[in-house]
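Read through the structure below, which is laid out as structure tokens, and then see the notes.
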Amino acid sequence: MIETGLDPAYNPSFVSMDLSRLNPEQRAAVEHRGSPLLVLAGAGSGKTRVITARIAHLLANHETQPENILAVTFTNRAAAEMKERVGRLVGEKSAKALQVSTFHSFCAGVLRKEIESLGYSKRFTIYDASDQRALLARCLSEFSTGKEAFDVGFFSYRISRAKNRGLAPDTYEPFRYDKYDELLPALWSKYQQALRARDAVDFDDLLGLVNRLLTENPEALARLRERHHHLLIDEYQDTNALQFEIARKLALEHRNLCVVGDDDQSIYGWRGAETANILEFERAFPDARAITLDRNYRSTETILRAANAVIARNSERRAKNLWSKEGAGWKIDLVTATDENDEASCVAARIKEVRARFNLAWSDFGVLYRSNIQSRPFEILFRQLRIPYVVIGGMEFFDRKEVKDIASYLRVLANPRDDIALRRILNVPRRGIGDTALERLNEAAAARGKPLMEALRGASRLNLPDSARAGIEEFLRLLAGTQAALREKGLGAGILHLIHHSGYLEELEKTSPSQAAYEARKEITLEMAGAAEGYAREHPKANLLEFLQEASLADDFRRNLKEKKFEEDTVRLMTLHAAKGLEFPVVFIVGLEEGLLPHARAIAPATDVAEERRLFYVGMTRARKHLTLTTTATRTVRGRTKASVESRFLEELPSECLRYQMSNQRVLEEEDTFPAPNFVTSVSP
DNA sequence: ATACGTGCTGTTTTT
DNA sequence: CAGCACGTAT
């Protein structure tokens, strides 16, 4: 039994939640009621613990039902983990009824039910970044801008940024007028029409449309407020303006809003994240309570001291100094390697040495880098040395060509108007429908204002080469056959039907440079069917649309594929971004060089490197016991070998926290008198 | 329509 | 070192 908070409405006799293991600040965060709450939670301060305890506390007090709690996390992995942790506190049954998801999948779910009031069909398709670009490129080509070269990516970036600020084509105000901005409003509205014609929404629309729904449809707003009576947002520093607006509208009435974040760990500014959301929370909600958690239960004092020194260089932050009682521990090793291969072998040697000496698991080691490309030397070497590893993120399953192809088939089946997907697979595998035939079909469709699929069905009336005619017929037969197989035998079997009746594997074999490459691609292709099967088993009622939605938002789907690997005892390789929220006893941050960290793109004259510094800070604070930072003397990038320049961040580290080493030195030396950190214990209160 | 060779250019993070 | 656009040969 615990002592209660100050809320007079609070009745201690209901309490069965044990809060005695929380520190006073954590406990205050769990018990606060009646007004919005901002929890400024430093790295390793027990942030997830607070959120899960708060949820459990709400449930244990019978203050609400699980289905009325909406917890928003930044990644789906975090969502799954949160559900599991709440489950341990309140039982799996309650936990299952909670809604825990990312903003994007939450919005997708809302739109599936409510989008018709916004003039879209319920069967809408979600376009990912590459679909978006493809469609944008098509729109751009209609502007016949002559010889002027435009970068589609640049438009896509600007449109996305504008959308995330809640703007529309007619409210867009160019920041600085250039040739892009001149065209942007017109292109944007054309793009928006094109999406509409295809029954498609892009990632940003998911948020934008929900925000519109909440503004324009009072009944929907009331329903959602009723349903989501308690709102918790994790990683609040990474929310953008639109997400803030959605949360604000949902919470305005019941005011049960709890946000948890750390401005020092804001690393998604490039994606529209507004640190202002966290810095000015109290301005948006004047009755808000703010609680700071600055006791760290994760890292040694040495690591924290260094991390604090680095982050202190940033202005524009809510001052906070992490402290811990974990002991000084080892110094941070700063290793200079000759090149990126030497860097990899040095890390490998250290992993082996420390693992053997302290009897650790492979999964106790994390190797963090700034950009995905840096994983390669590590992968090659680890494979040679038989160090089990897994690359988290990187080339995601869903970015693979094979997977996109199969998914495009499914998308066409689910939404025949989706001609971005249709164009992608109409001639994959090759079936004689070349560019000229495609253009002719396209013209026919455009002339009558119909989707491309209509033109295919009426292809016999068009002037087309025989090969194309036959190909189209074959293609339509394949779709019909797959449709039937999906309906009669289920998702997995339907996809297998598609793979085996399309000649897809044969085409893969032909186009693969080697037998090994073919085998790998084949495996990916078949995995798609396996994953779908797994999904269908877990969600028996789900239809194709829902499956695709999960897949494009990378929800359960990717976990079915990857979770196994993640649970295995492997060294984890990942970007600094992907490492947020994780911790490892032993961490390596590699490539501490100018151009890499801070990244070249972030060094531009006018921009400051604050976000790169935060990224470094996030990386450092992942380490519990030991941290190694590496640089190289030379590095080969895009085939060019160049002398490396040490990262400016290294100078920001207090020298007394560091031990300088060369790549052939060991972690433990003969004369080493540092007391080894205790790798075994460390249970937070 | 497709297969294949050449030359060019781009440097990051992800829901 | 890619991956891509473009051009040429079949």
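First the proteins, then the strands, lettered A, B, ... as listed; each starts at 1. Side chains included, hydrogens not; waters and symmetry mates left out as well; all remaining heavy atoms used.
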(request) With sequence neighbours excluded, tell me which residues meet salt bridge (charged side-chain N to carboxylate O under 4.0 Å, His left out) with A:E546. (result) none
(request) Name all residues meeting the salt bridge (charged side-chain N to carboxylate O under 4.0 Å, His left out) criterion together with A:E443; count only those two or more places apart in sequence or in a different chain, and write none if there are none. (result) none
(request) Find the distance A:L207:CG to B:dT15:C1' and express it as a whole number of Å. (result) 8 Å
(request) Considering only atom C1', compute the distance from C:dC4 to B:dT13 and round it to an integer number of Å. (result) 23 Å
(request) Remember a base hit wins even if backbone is also touched, and classify A:R376 as base, sugar-phosphate or nothing at under 4.0 Å, heavy atoms. (result) sugar-phosphate
(message) Please tell me whether A:S644 and A:T632 have a donor and an acceptor in their side chains that are separated by less than 3.5 angstrom.
(response) yes
(request) Can you check each nucleotide of nucleotides 1-9 of chain B against protein heavy atoms at under 4.0 Å and return B for base, S for sugar-phosphate only, - for none, in 5' to 3' order? (result) SSS------
(request) Report the distance from atom CD1 of A:I246 to atom P of B:dT15, rounded to the nearest whole Å. (result) 17 Å
(request) Report the distance from atom CZ of A:F74 to atom C1' of B:dT14, rounded to the nearest whole Å. (result) 7 Å
(request) List in chain and number order the residues that pass side-chain hydrogen bond (donor to acceptor under 3.5 Å, both in side chains) with A:E646, two or more places apart in sequence or in another chain; answer none if no residue qualifies. (result) none
(request) Please name all residues satisfying side-chain hydrogen bond (donor to acceptor under 3.5 Å, both in side chains) with A:Y389, sequence neighbours left out, ordered by chain then number. (result) A:R383
(request) With heavy atoms under 4.0 Å as the rule, sort A:F103 into base, sugar-phosphate or nothing. (result) nothing
(request) Let me know the distance between CD of A:Q549 and P of B:dT15, rounded to the nearest Å. (result) 16 Å
(message) Nearest whole Å is fine: how far is B:dT14 P from A:Q243 CD?
(response) 16 Å
(request) Would you kindly give the CD-to-P distance between A:Q132 and B:dT14, to the nearest whole Å? (result) 17 Å
(message) Which residues pass the side-chain hydrogen bond (donor to acceptor under 3.5 Å, both in side chains) test with A:D205, not counting sequence neighbours?
(response) A:K163, A:Q192
Listing time: all N or O pairs from protein to nucleotides 11-13 of chain B that are below 3.5 Å?
unit_1, atom_1, unit_2, atom_2, d
B:dT11, N1, A:R638, NH1, 3.3
B:dT11, O2, A:R638, NH1, 3.1
B:dT12, O4', A:H599, NE2, 3.1
B:dT12, O2, A:R370, NH1, 3.0
B:dT12, O2, A:R370, NH2, 2.3
B:dT13, OP1, A:N372, N, 2.8
B:dT13, OP1, A:N372, ND2, 2.7
B:dT13, O4', A:R370, NH1, 3.3
B:dT13, O2, A:W270, NE1, 3.0
B:dT13, O2, A:R370, NH2, 3.4
B:dT13, O2, A:H577, NE2, 3.3

(request) Not counting sequence neighbours, which residues clear side-chain contact (heavy atoms from CB on, under 4.5 Å) with A:A241? List them please. (result) A:E274
(message) Reading DNA chain C from 5' to 3', where do the contacts with chain A start and stop? Cut-off is 4.0 Å to heavy atoms.
(response) C:dC1 to C:dA2
(request) Just jot down the side-chain hydrogen bond (donor to acceptor under 3.5 Å, both in side chains) partners of A:T630, sequence neighbours excluded, or say none. (result) A:E343
(message) Can you confirm whether or not the ring centre of A:F106 sits under 6.0 Å from the ring centre of A:H228?
(response) yes
(message) Holding to salt bridge (charged side-chain N to carboxylate O under 4.0 Å, His left out), I want the full list of residues that pass it with A:R613, two or more places apart in sequence or in another chain.
(response) A:E652
(message) List the residues meeting side-chain contact (heavy atoms from CB on, under 4.5 Å) with A:A134, not counting sequence neighbours, and say none if there are none.
(response) A:I420
